[in-house]
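A note on names: the letters A, B, ... follow the listed sequences, proteins ahead of strands, and every chain is numbered from 1.
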Amino acid sequence: MNLTVNGQAHKSDAVTLTALLEELGYKDATVATARNGEFVSATSRDVEQVEDGDKIEILAPMKGG
Amino acid sequence: MNLTVNGQAHKSDAVTLTALLEELGYKDATVATARNGEFVSATSRDVEQVEDGDKIEILAPMKGG
Amino acid sequence: MNLTVNGQAHKSDAVTLTALLEELGYKDATVATARNGEFVSATSRDVEQVEDGDKIEILAPMKGG
Amino acid sequence: MNLTVNGQAHKSDAVTLTALLEELGYKDATVATARNGEFVSATSRDVEQVEDGDKIEILAPMKGG
Amino acid sequence: MNDTLTLYDTEVTSRFMLGTSLYPSPAIMVDAIKRSACEIVTVSLRRESGSDLEGQGFWEIIKNLDLKVLPNTAGCHTAKEAITTAMMAREVFGTTWVKLEVIGEADTLQPDVFGLVEAAAELTNQGFQVFPYTTDDLVVAERLLEAGCEVLMPWGAPIGSGRGINNPFALRAMRAHFPNVPLVVDAGLGKPSHAAQAMEMGYDAILLNTAVAKAGDPALMAESFAEALIAGRKAYHADPMEERDMAEPSTPVLGQAFLS
Amino acid sequence: MNDTLTLYDTEVTSRFMLGTSLYPSPAIMVDAIKRSACEIVTVSLRRESGSDLEGQGFWEIIKNLDLKVLPNTAGCHTAKEAITTAMMAREVFGTTWVKLEVIGEADTLQPDVFGLVEAAAELTNQGFQVFPYTTDDLVVAERLLEAGCEVLMPWGAPIGSGRGINNPFALRAMRAHFPNVPLVVDAGLGKPSHAAQAMEMGYDAILLNTAVAKAGDPALMAESFAEALIAGRKAYHADPMEERDMAEPSTPVLGQAFLS
Amino acid sequence: MNDTLTLYDTEVTSRFMLGTSLYPSPAIMVDAIKRSACEIVTVSLRRESGSDLEGQGFWEIIKNLDLKVLPNTAGCHTAKEAITTAMMAREVFGTTWVKLEVIGEADTLQPDVFGLVEAAAELTNQGFQVFPYTTDDLVVAERLLEAGCEVLMPWGAPIGSGRGINNPFALRAMRAHFPNVPLVVDAGLGKPSHAAQAMEMGYDAILLNTAVAKAGDPALMAESFAEALIAGRKAYHADPMEERDMAEPSTPVLGQAFLS
Amino acid sequence: MNDTLTLYDTEVTSRFMLGTSLYPSPAIMVDAIKRSACEIVTVSLRRESGSDLEGQGFWEIIKNLDLKVLPNTAGCHTAKEAITTAMMAREVFGTTWVKLEVIGEADTLQPDVFGLVEAAAELTNQGFQVFPYTTDDLVVAERLLEAGCEVLMPWGAPIGSGRGINNPFALRAMRAHFPNVPLVVDAGLGKPSHAAQAMEMGYDAILLNTAVAKAGDPALMAESFAEALIAGRKAYHADPMEERDMAEPSTPVLGQAFLS
């Protein structure tokens with residue numbers, strides 16, 4: 001399955017967002033997620049299916065002005 | 001029939017806008033008309049019915065910045 | 001003897017500046033003096049003669065910007 | 001005789017300013033002259049002696065703001 | 001130097017648009033307009049009243065001047081009012097031009113940019129050529145262009161304030177951002193030096209009224225603005241020197257005499 | 001409107017005095033001077049050199065223009081140097097006029113007001129008609145008048161900086177303080193709008209050089225300044241409106257339609 | 001003097017909001033934040049990357065400061081992007097506050113006021129407390145209030161430009177127009193005197209980042225801004241004198257000696 | 001940070017000098033002085049009068065504050081008057097310090113730079129330490145230094161006008177020209193932001209009176225000025241960012257999410 005994760009091509013077999021985060025090493029990280037431009041809350045990640053061609057954003061706290 | 005013409009109360013029996021203009025002495029004047037906030041073109045005044053309670057605006061060229 | 005003291009006409013028989021100050025009640029005051037536009041130091045007041053027509057200035061500390 | 005003419009060293013045998021100007025090719029030029037910082041008028045140049053060590057300025061009209 | 005300005009399909013030589021309001025008398029207005037050499041005057045629509053038919057007389061005077069008229073929608077506070085007014089103006093004045101004003105705030109008479117964009121789009125659809133009175137907001141300007149406007153008229157300062165260009169930085173940014181759109185400084189200029197400044201900044205034209213009409217001598221002031229505009233335009237073409245912090249002698253240093 | 005300016009015993013129509021330095025070529029200088037319509041040009045004295053006699057050629061060009069020349073004492077740093085230079089200039093240029101510069105500081109080329117007043121007094125005694133390049137200092141100005149000057153030329157900004165009027169407050173105070181003395185803004189103006197502003201403030205004339213000579217097109221810039229000056233002068237006579245903080249509608253509120 | 005500021009339901013004592021970006025190092029950032037004595041810092045969301053988990057480390061540092069965080073939507077160009085970003089931020093940062101930025105133009109980073117109003121309304125509906133980064137446009141401000149905003153954050157100048165308040169007239173008008181809405185000058189301030197000026201004008205708070213982070217000594221500059229803000233606020237309460245054109249002696253004229 | 005200022009042989013920590021005139025009451029004056037934390041107050045000499053001996057009471061109050069006093073020569077219009085006044089002040093106040101004012105013009109209360117230089121030289125010869133109230137004229141400044149002054153006090157604007165720094169360009173030039181001379185902005189400041197600006201420009205201290213004394217709450221305003229001064233000084237040390245014309249994002253662009 002071909003995904004775009006944070007703008008980078010990424011091959012994955014993860015079925016859910018939770019699985020994808022685990023695969024990427026972000027299991028315990030403070031991150032927020034979006035799938036194809038729509039916010040996916042932390043509580044929905046277990047049930048949010050990941051599909052071929054998805055664009056996933058995984059965002060973390062960062063400096064800002 | 002009670003009208004409001006240019007913000008003033010006005011009693012009239014004019015059936016059309018053309019008749020109203022004539023009644024007011026604006027028959028040959030260069031004016032534009034609106035009825036209840038909607039523009040009424042010169043060519044429609046003959047057929048545009050005037051009804052009780054109508055708000056009629058009769059506007060003329062004036063100085064402007 | 002007619003003097004001008006701080007811009008006011010003043011009749012006096014004081015022979016010295018010291019005497020004049022005493023006469024005016026400024027004996028113990030913190031003041032500086034000038035006679036006819038020239039500074040007269042405190043130590044010179046005993047010997048500084050006062051003459052008819054003299055213009056005497058007796059100045060005290062005052063608010064300033 | 002060693003002169004400084006317009007800031008340049010210049011050897012000359014000219015006795016007067018008039019002679020010096022002629023020597024320099026400025027005979028008919030519109031110029032004003034100064035010798036050692038003092039203005040020498042055109043009418044005085046025939047009689048103004050030039051001496052060893054003199055600083056001569058020969059100025060012409062020039063653009064200015 | 002051929003330096004005409006094209007506003008929609010109309011080519012003008014004068015870059016001065018003048019209002020027709022606030023003059024001490026119609027005669028002074030006419031004199032001011034003539035001496036301004038302007039080719040475009042702004043007019044409005046107001047309620048005709050009584051038996052004197054003031055508007056008819058005004059219109060005769062304007063028609064006799066044989067200039068382009070640019071009707072405004074002054075006083076309108078909603079897109080709908082402005083659109084209706086524009087349609088009435090088109091019929092009366094016989095022009096598709098409209099100076100679109102949708103006023104949003106009473107103290108500053110600033111544009112309501114929301115109503116402005118809405119009305120501009122609708123009027124363009126209905127065949128108008130819209131001259132929008134707008135702010136110095138670049139995003140609003142983009143929206144107006146998308147709505148079909150081919151001219152933009154940002155304010156210099158509040159209408160009638162005579163303050164000149166309140167935010168030169170913003171107007172410079174606008175000029176840089178839209179190099180090919182005719183930009184007109186509309187409102188707020190008070191003195192001819194303000195007009196010259198606008199033209200030096202590369203603005204294409206000026207629209208004003210109060211500064212001329214309320215001057216002690218309106219006709220002379222009209223002439224003054226006209227000349228200052230032309231001067232400022234020439235300066236723009238002549239490519240002014242850059243400002244410097246330090247002085248630099250104009251008279252040559254070379255050849256300086258030693259006279260001390 | 002008869003609006004001539006009298007400088008000492010000379011009446012001029014143009015209020016523009018133009019420098020003759022820094023132009024790309026003599027031909028461009030002549031063109032700029034002509035298009036400026038100025039009646040007074042500034043010149044200087046520099047060392048004649050070599051066989052080309054550059055100064056003689058320059059002088060022929062200037063004489064052919066048939067204008068008033070105002071020789072300066074640019075580059076002089078002491079009263080004595082300035083006085084000697086002035087005497088040399090009087091002989092060469094055949095005029096008692098002198099633009100008196102006594103420079104006090106290299107970065108700003110600001111006047112040395114002490115040397116200036118001293119030189120002005122001496123030159124006046126020797127029959128000169130002194131045009132002092134001065135600051136906006138009112139006390140210095142008083143001293144210059146006491147020294148016999150009948151014209152004052154305060155700077156707008158450092159020579160050649162093109163910054164415009166650095167301290168409008170001070171120049172306004174000077175105008176108010178000396179209502180009857182011809183006042184010329186000399187130095188620092190960069191754009192025609194600056195010149196218009198000076199004239200609107202009631203200044204009598206402008207002297208500049210760099211802003212014209214260093215423009216991309218000097219002749220066009222000269223024309224632009226000339227027109228801006230005239231415009232500014234007319235505005236001064238036309239009595240501009242007062243600035244306001246709040247907006248005021250130009251189009252009448254009375255008779256506003258109700259269309260919502 | 002009890003002079004706290006209420007932003008939505010939160011009362012703060014410090015009127016300084018500080019950004020967390022652009023510092024030479026995290027340690028310097030922490031030092032600057034501490035010395036600013038601010039109670040609110042702005043943060044953003046960016047892509048987490050690689051194995052270093054930079055964002056996690058940053059977040060630990062911020063959490064340890066125990067301050068209110070105000071997440072921004074920097075870099076968003078549409079209402080939709082900003083809304084999604086805000087929702088992600090709410091979850092991550094555990095706050096309903098959001099500094100709403102919808103950027104409309106790249107050179108000035110000015111707000112897109114259309115997208116801004118749209119996003120503000122939607123986010124308010126979804127329970128956010130919106131701090132909108134906006135322009136000085138009064139009509140836009142009205143719309144933002146109608147959309148549910150209880151704070152407005154007009155820009156002083158383009159983000160990161162350090163120019164100070166580009167249009168004091170407009171910001172003064174905004175203060176006068178909304179006497180009871182908390183108004184924060186956000187963006188464009190470069191020096192503590194700019195912050196003092198904003199507070200003297202009656203603004204309620206300041207938000208900035210670049211001017212502190214890019215100073216030679218960010219921590220010292222943070223302290224300086226903090227003090228200038230407090231000074232400006234006190235000046236506002238102390239009711240400053242009016243400006244005058246003419247001088248007026250401070251030392252008494254009465255009792256002046258006659259010594260000549 | 002040790003950042004004391006040395007004025008002649010005296011080292012001070014506070015960079016604020018405060019006048020003692022124009023307060024609503026002596027008690028308010030004392031309060032304002034205390035909250036200003038200033039170490040130097042200005043005073044004058046005036047005619048003692050009548051039996052109330054007002055001056056004696058004033059002097060008791062000032063002495064009790066245990067501060068450095070800086071007597072002025074306010075109201076003197078000639079060097080001679082100023083010199084005599086200075087000698088009287090030295091005796092009464094027991095200090096060789098004198099704030100030298102030689103006033104040249106009534107509307108602006110500007111210095112007479114000629115009398116100023118003359119009096120400064122004479123007073124220095126007589127052992128005074130002169131603090132000259134001067135203009136922004138660099139040549140005058142040079143003369144004052146040659147006359148023996150080791151401090152310069154240029155005006156910001158006319159005394160009591162509260163306008164702030166009328167000509168920042170000139171004051172910047174003065175700072176650059178005299179990097180090692182203590183420079184004090186004396187007169188014309190109206191708001192704490194003006195004081196912060198002066199300190200940011202690198203000025204060493206501020207002297208004022210009216211802006212504090214005529215504020216609605218003089219003591220609070222004194223405190224505000226004191227803090228703004230300190231803030232401005234810190235900003236100077238912290239090396240402010242440069243102004244930019246274009247915007248630059250503070251929040252990182254790198255890692256920006258794609259959410260549309």
Side-chain angles (χ1 to χ4, degrees), chain E residues 19 21-22 44 46-47 49 72 74-75 78 80-81 84-85 107-109 158-163 190-193 196-197 200 209-211 214-217 220-221 223-224 227-228 230-232 234-235 237-241 243-253 255-257 259-260, chain F residues 19 21-22 44 46-47 49 72 74-75 78 80-81 84-85 107-109 158-163 190-193 196-197 200 209-211 214-217 220-221 223-224 227-228 230-232 234-235 237-241 243-253 255-257 259-260:
Chain E
S21 197
L22 298 175
S44 76
R46 286 294 178 264
R47 288 165 168 172
S49 62
N72 70 27
T78 65
K80 181 176 179 308
E81 285 177 297
T84 304
T85 301
D107 285 338
T108 61
L109 296 175
I159 295 176
S161 70
R163 295 176 52 87
K191 297 198 181 71
S193 56
Q197 180 195 4
E200 287 163 2
N209 187 339
T210 308
K214 291 301 222 187
D217 182 338
L220 183 57
M221 189 58 91
E223 191 175 301
S224 168
E227 288 172 356
I230 291 169
K234 284 180 184 167
H237 283 301
D239 187 14
M241 64 178 287
E243 276 186 30
R244 280 193 286 249
D245 262 15
M246 290 288 101
E248 205 149 299
S250 48
T251 300
V253 171
Q256 168 79 39
L259 294 169
S260 53
Chain F
S21 197
L22 298 174
S44 76
R46 285 295 178 264
R47 287 165 168 172
S49 63
N72 70 28
T78 65
K80 182 177 177 308
E81 285 178 296
T84 302
T85 302
D107 284 339
T108 61
L109 295 177
I159 293 176
S161 70
R163 294 175 52 87
K191 297 198 182 72
S193 56
Q197 181 195 6
E200 286 163 3
N209 187 340
T210 308
K214 291 300 221 186
D217 183 339
L220 182 58
M221 189 58 91
E223 191 176 300
S224 169
E227 289 172 356
I230 290 170
K234 284 180 184 167
H237 283 302
D239 189 13
M241 64 177 288
E243 275 185 30
R244 281 192 287 248
D245 262 14
M246 289 290 101
E248 205 149 300
S250 48
T251 300
V253 172
Q256 169 79 39
L259 293 170
S260 52

Margin query: Let's test your reading of the structure: which of E/M241, E/M246, E/E223 forms the most heavy-atom pairs below 4.5 Å with chain F?
Written below: E/M241
Checklist line | Heavy-atom contact with chain E under 4.5 Å, split by part of F/D107 | finding: both
Notebook entry, point to check: How many angstroms lie between atom OG1 of F/T251 and atom CG of E/L109, to the nearest 0.5 angstrom?
Noted result: 10.0 Å
Next item on the list: Indicate yes or no for a side-chain donor-acceptor contact from E/S224 to the backbone of F/K234 under 3.5 Å, with no hydrogens or angles considered.
Entry: no
Check: So which of F/T84, F/T210, F/V253 has the largest heavy-atom pair count under 4.5 angstrom toward chain E?
Finding: F/T210
Check: Highest number of heavy-atom pairs under 4.5 Å with chain E: which of F/A196, F/G232, F/G162?
Finding: F/G162
Note to self: Can you tell me which portion of E/K191 sits under 4.5 Å from chain F's heavy atoms? Options are side chain, backbone, both or neither.
What the structure shows: both
Note to self: I need the minimum non-hydrogen distance between E/R46 and F/Q256, along with the two atoms involved.
What the structure shows: NH2-OE1, 3.1 Å
Checklist line | Heavy-atom contact with chain F under 4.5 Å, split by part of E/E200 | finding: side chain
Margin query: Heavy-atom pairs under 4.5 Å with chain E - which of F/P252, F/A228, F/S250, F/P158 has more of them than the others?
Written below: F/S250
Next item on the list: Sort out for me which of F/A211, F/S21, F/S44, F/G19 touches chain E most, counting heavy-atom pairs under 4.5 Å.
Entry: F/S21
Notebook entry, point to check: Out of E/Q197, E/K80, E/E243, which one racks up the most heavy-atom pairs below 4.5 Å with chain F?
Noted result: E/E243
Margin query: Using 0.5 Å steps for rounding, measure from the CD atom of F/E248 to the CG atom of E/L22.
Written below: 8.0 Å
